[in-house]
Amino acid sequence: MGRVPERPAAAQPAHPLSEGWGRALVFVYGLFAVAATGRSAVQLGLEPGKAPLAYSLSLLAAVLYLVATTCLLLGGRTGWRVAGVAVAIELVGVLSVGTLSYVATDLFPDKTVWSHFGQGYGFLPLVLPFAGLAWLRHTAPRRSKATLP
Amino acid sequence: MNPWLYGVALVLAGALAVLLAVDLVRDRAAQDSHFIGLAVLEVVMLVQLVGGVVALARTERDLEGAVFVSYLVTNLLVPVVAAFLALAERSRVGTTILLLGVATVAGLELRLWDVWGGPGA
């Protein structure tokens, strides 16, 4: 009576994205979404012309953190995929901006969240994409039997 | 900004962080004592928000008021959000979330001091 038909396993990630360790990730990604959004709002609001590259990167970081947080909360196969793309771009971003901020200091007259591998944020921006990818790997949707040879 | 209040907030957040880290190593879920500690921290954050806004209105310092107030408000919200998430996750994950929360509060306290620019009214 009133039983909800079980959805096929293939359409769902193996585990909900926002439970277990996922909840800790949601917390940290949410914090960084707020921190990066606040940072880019202040930077772009006060002196947008001072460091256009650094400020654009702050804005990009804010968007990525927001997307990752939302996708972790929404879950599902699409959420899992979009989160994967966002976290992958985040990893490339923190590694390249982190390196560039040491070797090409003139490119960054002001800091971004990712400058010096996130030194101003306890290096969490460097750890976060690795934690995110590990969690997404753990929660990867199982392939449906139909697609297997 | 009242340096005494700032000191109390920082010491309390630090002490909670140590307590939570010890319980995390022991693989314990979030305890009542953690939540009581968090509630005390929350009261200090509330007092600091009110005191900070009053101090900001009175001071003649040149500081970024919007950033200062946003840090105060964030510090008020972080323990609450962390507590709710930890209540939903009664395992070491919950303890980790609380630890990350109090570490955030401690970090923001240090930033608050920077933004204010040292002791004095």
Quick one: do B:L63 and B:L110 end up in the same hydrophobic cluster if we chain Ile, Leu, Val, Met, Phe, Trp and Tyr together by side-chain heavy atoms under 4.5 Å apart?
yes
Check: A:T105 side chain, A:Y102 main-chain N or O, donor-acceptor pair, under 3.5 Å
no
Between the side chains of A:R39 and A:Y55, is a donor N or O closer than 3.5 angstrom to an acceptor N or O?
no
Between A:R23 (side chain only) and B:V93 (backbone N and O only), is there a donor and an acceptor less than 3.5 Å apart?
no
Is there a path of hydrophobic side-chain contacts, each under 4.5 Å between heavy atoms, that joins A:L133 and A:F27?
yes
Pairs of heavy atoms under 4.5 Å with chain B: top-ranked of A:G122, A:G38, A:G20, A:A35:
A:G20
Can you name the residues of residues 13-51 of chain B that have some heavy atom under 4.5 Å away from a heavy atom in chain A?
none
Proximity breakdown for B:A82 and chain A, heavy-atom pairs closer than 4.5 Å:
both
Measure the shortest side-chain to side-chain distance between A:V87 and A:Y29 over non-hydrogen atoms and say whether it is less than 4.5 angstrom.
yes
Heavy-atom contact with chain A under 4.5 Å, split by part of B:S91:
neither
Are A:V26 and A:W21 packed together at the side-chain level, in the sense that at least one heavy-atom pair is separated by less than 4.5 angstrom?
no
Say whether A:L25 and A:V63 are linked into one hydrophobic cluster, either directly or through other cluster members, by side-chain heavy-atom distances under 4.5 angstrom.
no
Contact origin within B:A86 toward chain A - heavy atom pairs under 4.5 Å:
neither
For B:T96, is it the side chain, the backbone, both or neither that has a heavy atom under 4.5 Å from a heavy atom of chain A?
side chain
